[in-house]
2 protein chains.
Amino acid sequence: MSGRRLEVVDDDALSCTPLSREALSEHEAVDVARVFAALSDPVRLRLLSLVASGDEVCSCDLEGPLGKSQPTVSHHTRVLVEAGLIQGERRGRWVWWRAVPERLAQAAAILAP
Amino acid sequence: MSGRRLEVVDDDALSCTPLSREALSEHEAVDVARVFAALSDPVRLRLLSLVASGDEVCSCDLEGPLGKSQPTVSHHTRVLVEAGLIQGERRGRWVWWRAVPERLAQAAAILAP
DNA sequence: CCGATACATCGATGCCTGTCAATAGGAGTT
DNA sequence: AACTCCTATTGACAGGCATCGATGTATCGG
């Protein structure tokens, strides 16, 4: 099965109203918190910056710079995918990761108008 | 002692280079992760939105909307203060909270150029 | 088909965090 | 001083999370 996409399935609405605009509903807060939780780990931030600063990055090029085991890297990529922050595409044996700039912009828009 | 400030003391540098620019160092990642960790809880996000959308908010006006006990609210305000996202000022018996827009903008700038 | 490679999943472990009851601290009021 | 109100801290508990070794799954080359 080549070229299959690995991307987030669930709703990617992410109410884009800035925090300073009006109070978040309980439901919105849970959604937004999920994204920031994905960004709340140093290893994931560095992983994301590696992916976002390059065009496409293979998982095998992540273990080294991150200094983490393969299962740990796989865990973190999964969290970032579920948050909609990165997408992965399997080509042959490798999975190539790339960032989702729109999602990063959404999260940023919530913090600052 | 009236009018005393309650604000974060530690370094508020928060390397403002966007994730898509260059890879974060290990140290930078830890700093940035701390801020996002403060934003990774639904209760704290709603607390922050309540504070940021109003001009100043008293703690006594937070317990109700948040539906949490007083110690829990106090815990969350503390986390937000340590992340530099809000500041508190004691006036008489009440503490008045307000957001720190610059800090929110810093965090947003890391996510999107 | 068989071995090697790349990634995902599982199970276990240790640490961190959200929550609240109880208690302490601090500031105004009488 | 004594009392009351608001907030911070402590202690304890439950749940969540990061990490890694072991194992499973899929793909390519010989």
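Proteins come first, then strands; the chains are lettered A, B, ... in the order of their sequence lines, and each starts at number 1.
Taking atom CG of residue B/Asp41 and atom C1' of nucleotide C/dC16, one finds them 13 Å apart after rounding to whole Å. Rounding to whole angstrom units, CH2 of residue B/Trp94 and P of D/dC5 are separated by 11 Å. When the C1' atom of C/dC16 is taken as reference, atom CZ of B/Arg34 falls 14 Å away, rounded to whole Å. As rounded to whole Å, 12 Å separates atom P of C/dT17 from atom NE2 of B/His76. Here D/dT19 presents its C1' atom at 13 Å from CD of A/Gln70, a figure rounded to the nearest Å. Between the P atom of C/dA8 and the NZ atom of A/Lys68 lies a distance of 18 Å, rounded to the nearest Å. Rounded to an integer number of Å, the gap from B/Glu82 CD to C/dC16 P is 15 Å. For B/His75 and C/dC20, the NE2 to C1' distance is 12 Å, given to the nearest whole Å.
Taking 4.5 Å as the limit, some side-chain heavy atom of A/Ser20 sits within range of a side-chain heavy atom of A/Pro113. Looking only at side-chain heavy atoms (C-beta outward), B/Leu48 and B/Leu104 come within less than 4.5 Å of each other.
Using a 4.0 Å heavy-atom criterion, one finds that B/Thr72 contacts the bases of the nucleic acid, with or without backbone contacts as well. Among the atoms of the strands shown, base atoms are found under 4.0 Å from some heavy atom of B/Ser74. Residue-level contact check: B/Val73 touches neither bases nor backbone, having no heavy atom under 4.0 Å from any strand.
Here the nucleotide nearest the side chain of A/Arg44, chosen from D/dG21, D/dC6, D/dA18, is D/dA18. Listed nucleotides: D/dA8, C/dC20, D/dT19. Nearest to the side chain of A/Val43: D/dT19. Side-chain proximity of A/Pro71 to D/dC28, D/dT7, C/dT9: nearest is C/dT9. Among the nucleotides C/dA6, C/dT29, D/dA8, the one closest to any side-chain atom of B/Arg93 is C/dT29. Comparing C/dC20, C/dA6, D/dT7 against the side chain of B/Cys58 picks out D/dT7 as the nearest.
In this structure, B/Cys60 and A/Ala37 both approach DNA chain D, and ranking their closest nucleotides by distance from the 5' end singles out B/Cys60.
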Go through the steps to decide whether A/Thr17 and A/Glu22 satisfy the test side-chain contact (heavy atoms from CB on, under 4.5 Å), and finish with yes or no. CA-CA 7 Å; A/Thr17 51; A/Glu22 55 179 322; 4.0 Å; yes
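The side chain of B/Arg78 places no N or O atom within less than 4.0 Å of a non-bridging phosphate oxygen (OP1 or OP2) of D/dT7.
More than 12 heavy-atom neighbours from other residues, nucleotides or ligands sit within 6.0 angstrom of CD on A/Glu63.
Between the side chains of B/Thr72 and B/Ser69, at least one donor N or O lies within less than 3.5 Å of an accepting N or O.
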